[in-house]
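First the proteins, then the strands, lettered A, B, ... as listed; each starts at 1.
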Amino acid sequence: MFKDMSFMFPLATVNLTNTRIRTLTNLIESNGGQMKLGPDTLMIVGSDATVELCQKQFAKFNLDFEQYRYQFLNPDWVSQSLLNKKLQEQKKFQLFPEVVFQPVLEEVPEFKTKLVYVEALAKTVPVREEVVEQDDGDINIYNIKDNELRMKYEKRMEEFRRDILKEYKQILDYEYDYDLDNFHNQVDDGYEYLLEDLSILKKEEPQIPESEKFYGDDDCQITETRKVKFDILDGLDLGKSVVNVEQPILSAQLKETKQFNPGLKRKQQFWEAKKGYFVCEAGAAQKCQNNEIIEELEKLLKIYTNEKDKGRCIAYRKAIGFLKALPYPIKSSEDLKDMPTIGDKIKKKIIEIMQTGKLTKVQKLEGQEKNVAISELTRVWGIGPTTAATFYFKGIKTLEDLKKNLHLLNRNQQVGLQLVKDLEQRIPREEATLIFEIVKREIDDLSGVQGLFKATACGSYRREKETCGDMDILITRCDGKNTEDFLLNLITRLEGKLLTHHLTMPKRTEHDCETYMGIGRVSNQAVHRRIDLKLYPKEQYGCAVLYFTGSDHYNRSMRLWAQKNGYTLSDHGLYPTQRGAHNKKLWKGEVIPCEEEMDVYKILGLKYKPPKERSV
DNA sequence: TAGCAGTCATC
DNA sequence: GATGAC
DNA sequence: GCTA
Ligand SMILES: O=c1ccn([C@H]2C[C@H](O)[C@@H](COP(=O)(O)OP(=O)(O)OP(=O)(O)O)O2)c(=O)[nH]1
Ligand SMILES: [Mg+2]
């Protein structure tokens with residue numbers, strides 16, 4: 001129940017961008033408040049503390065909180081509505097008719113749109129930005145030769161145009177229950193259309209001198225969306241008079257990334273110069289020289305993880321990764337000059353650490369009751385920052401409190417709680433080896449043929465760490481044949497010998513992989529350990545070991561590099577990928593076969609790193 | 001100002 | 001879709 | 001929080 005107060009804003013009058021709304025949501029929700037965002041209103045429920053927070057945050061935004069606070073609501077009503085999930089359903093919060101909405105589309109760039117002047121409406125409307133390959137102009141996909149067919153087609157196109165315009169009008173008139181993003185999704189659904197066809201005229205593009213233009217490897221350039229409503233042609237017997245209606249244009253025309261990924265060369269050249277910034281290229285330093293700084297920054301990272309401050313998490317993680325790759329110690333602020341990932345704020349913090357050995361910020365935050373509680377609660381497997389925070393606001397602050405509230409935990413969390421003391425201990429390498437041996441023996445016994453299945457111990461074990469947080473074992477069938485039920489049988493056989501608890505059972509994914517997560521121990525007296533078993537088909541082995549060996553930050557770095565170079569890298573494979581504005585995926589090609597880790601490094605143009613050097 | 005890795009399981 | 005995990 |  002929310003005994004506290006609540007207030008709401010008509011979004012129309014508050015200049016809150018997406019980013020700001022996200023910041024605000026995070027802030028409020030991580031402090032026990034609630035925030036609901038409707039298409040036109042922003043509602044906040046919380047205590048006095050929440051109000052204070054909002055005031056501060058608004059001040060940071062340079063906004064006067066009091067001016068915008070619209071009204072207080074009856075807390076009982078809000079409690080009821082939240083409990084009944086009414087608010088989520090009420091798109092417009094019609095229960096507050098006194099709120100006057102004023103459209104300010106330009107001021108609230110809610111969606112990834114650009115503003116386009118629509119002549120027919122005599123208004124500027126936001127239109128989602130899209131890019132697509134432009135062919136050299138010779139191929140006209142509406143190349144319908146038969147006149148009658150053409151007229152039929154054009155008639156339909158006309159109707160379609162009218163519909164779209166009507167919808168746009170509705171949006172603008174607020175008759176439509178609008179959610180522009182959704183609207184575009186709906187339009188996307190089955191439709192493809194040309195902006196020109198909607199009489200939406202583009203603003204003049206800025207003139208780029210010919211010398212600065214880049215037309216891509218194959219003299220083609222993505223400039224604008226070219227869309228066709230596919231089902232508009234349904235029922236028309238077009239014979240062969242229409243080119244390319246069968247396939248979406250993107251996949252039909254962009255066969256070879258290298259050839260058809262426009263601007264890729266320039267992009268790759270650009271990132272090549274910054275290759276050193278990627279820790280996957282630099283690799284971990286043989287001996288880490290900046291442990292003191294790293295330890296302190298990691299504390300801050302942990303705090304921000306608990307606070308769910310995604311942006312800062314990323315920033316600190318990158319900075320830490322970079323320091324781990326640095327082969328020399330930082331001695332003075334001179335050393336910090338021009339270091340990537342280390343900006344003004346982090347630089348200042350590093351200097352403070354060098355001078356005093358610690359951070360006042362950490363001291364301040366670490367001691368706060370809420371952070372203490374969340375750190376404590378997230379020790380349990382299955383409880384993350386959000387769950388921990390909700391527990392905290394229910395007054396559950398320690399593991400002891402959790403034990404009294406077992407009904408609030410799911411099965412896995414209960415196991416996690418029961419074994420928390422065991423699971424947070426790291427595994428000595430010898431014991432890890434023993435676990436691996438047990439699994440390997442069972443694999444051979446089960447398959448009946450020595451070496452038919454290959455098992456690889458990955459994770460920190462493969463990176464030659466002295467202790468491991470858990471066991472990560474990757475299994476593949478060397479002859480590439482069917483592995484139906486193998487993992488399940490393996491687990492059943494290991495139940496008496498190693499495994500004690502199951503967390504998730506194997507299930508085929510769309511990529512033909514299976515994952516088991518569980519807990520086991522080498523003897524009845526031994527400590528319980530987390531054990532992950534993964535079964536991947538042989539074709540995916542290269543990418544799978546690469547992924548499962550990590551470290552997590554190393555993976556992210558490598559995947560970012562792949563992204564910047566026109567690929568997508570995952571545990572299943574390496575794919576050529578074309579991205580448009582805002583890194584939106586436009587096209588994903590066929591998987592590039594990589595049976596070995598080395599294949600991935602070669603294709604990405606990165607130096608091979610032995611596992612040991614991947615501990616960034 | 002937007003994006004920051006990519007995927008899977010569970011609820 | 002949110003959360004948590006690897 | 002950093003960066004294109
Ligand atoms: O967010 C993540 C977490 C993990 N991994 C990969 C890399 C990692 O090496 C592997 C196994 O994960 P685990 O959590 O076991 O990490 P680890 O590197 O083995 O360290 P630890 O010693 O804590 O087990 O899975 C990721 O790609 N992303
Ligand atoms: Mg591990």
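- Note that A/Arg614 lies in the cation-pi zone of A/Tyr608, set by a 6.0 Å cut-off to the ring centre and a 45° limit from the axis.
- Taking 4.0 angstrom as the limit, A/Trp561 places none of its side-chain polar atoms (N or O) nearer than this to OP1 or OP2 of B/dG6.
- Among the atoms of the strands shown, only primed sugar atoms or phosphate atoms (P, OP1, OP2) are found under 4.0 Å from some heavy atom of A/Lys588.
- The separation between A/His553 atom NE2 and B/dC4 atom P is 15 Å, rounded to whole Å.
- The side chain of A/Gln563 places an N or O atom within less than 4.0 Å of a non-bridging phosphate oxygen (OP1 or OP2) of B/dC4.
- Counting non-hydrogen atoms under 4.0 angstrom, A/Lys534 reaches nothing in the nucleic acid.
- Within the 4.0 angstrom heavy-atom criterion, only backbone atoms of the sugar-phosphate kind lie near A/Thr509; the bases stay farther away.
- A donor-acceptor pair is defined here as one N or O able to donate and one able to accept, closer than 3.5 Å; no such pair exists between the side chain of A/Glu281 and the backbone of A/Leu606.
- Toward the 5' end of DNA chain B, the nearer of the two residues A/Asn410 and A/Ser570, judged by each one's closest nucleotide, is A/Ser570.
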Pair A/Phe436-A/Met471, side chain to side chain contact (heavy atoms under 4.5 Å, CB included): steps then yes or no: CA-CA 8 Å; A/Phe436 183 44; A/Met471 265 324 274; 3.9 Å; yes
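- Candidate nucleotides B/dT10, B/dT7, D/dT3 were compared by shortest atom distance to the side chain of A/Lys507, and B/dT10 ranks first.
- Residues A/Ser570 and A/Tyr575 have side chains that never bring a donor and an acceptor to within less than 3.5 angstrom of each other.
- Here the side chains of A/Met505 and A/Tyr516 are in contact, with some heavy-atom distance below 4.5 Å.
- The side chain of A/Asp532 sits closest to C/dC6 out of C/dC6, D/dA4, B/dA5.
- A/Asn412 places its CG atom 9 Å from the C1' atom of B/dT10, with the value rounded to the nearest Å.
- Closest to the A/His511 side chain, of the nucleotides B/dT10, B/dG3, B/dC8, is B/dC8.
- Straight-line distance from the CG atom of A/Leu560 to the P atom of D/dA4: 11 Å, rounded to whole Å.
- Under the 3.5 Å distance criterion, with hydrogens and angles disregarded, a donor-acceptor pair is assigned to the side chains of A/Thr549 and A/Arg462.
- Within 4.0 Å (heavy atoms only), A/Asp472 reaches sugar-phosphate atoms of the nucleic acid but no base atom.
- Regarding A/Met517, its CE atom lies at a distance of 9 Å from the P atom of B/dA9, rounded to whole Å.
- Contacts of A/Tyr304 with the nucleic acid, taken as non-hydrogen atoms under 4.0 Å apart, are absent.
- Atom NZ of A/Lys397 and atom CG of A/Leu377 lie 10.5 Å apart (nearest 0.5 Å).
- For A/Arg530 and C/dC6, the shortest distance from a side-chain N or O to OP1 or OP2 is below 4.0 Å.
- Donor-acceptor pairing under 3.5 Å is recorded for the side chains of A/Asp571 and A/Tyr536.
- Rounded to whole angstrom, the span from the NZ atom of A/Lys345 across to the P atom of D/dT3 amounts to 13 Å.
- Among the protein residues, A/Gly343 comes within range of the sugar-phosphate backbone only, with heavy atoms under 4.0 Å from sugar or phosphate atoms but none that close to a base.
- Within 4.0 Å of A/Asn583, counting heavy atoms only, lie sugar-phosphate atoms of the nucleic acid but no base atom.
- With rounding to whole Å, A/His572 atom NE2 is found 7 Å from B/dT7 atom P.
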Do any N or O atoms of the protein come closer than 3.5 Å to N or O atoms of nucleotides 1-3 of chain C, and which pairs are they?
| unit_1 | atom_1 | unit_2 | atom_2 | d |
| --- | --- | --- | --- | --- |
| C/dT3 | O3' | A/Thr387 | OG1 | 3.4 |

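- Whole-Å rounding puts the A/Leu535 CG to B/dT7 P distance at 19 Å.
- When rounded to the nearest whole Å, the span between NZ of A/Lys585 and P of B/dG6 equals 6 Å.
- Residue A/Arg556 places at least one side-chain N or O closer than 4.0 Å to OP1 or OP2 of B/dA5.
- Between A/Lys274 and D/dA4 there is a side-chain N or O to OP1 or OP2 distance below 4.0 Å.
- Projected onto DNA chain B by closest heavy-atom contact, A/Pro506 and A/Arg317 fall at different nucleotides, the more 5' of which corresponds to A/Arg317.
- The aromatic rings of A/His511 and A/His572 lie parallel to each other, their planes meeting at an angle below 30°, with 60° marking the opposite boundary.
- B/dA5 and C/dG4 have their C1' atoms separated by 16 Å, with the value rounded to a whole Å.
- Counting any heavy atom pair closer than 4.0 Å across all strands shown, A/Ile346 reaches sugar-phosphate atoms only and no base atom.
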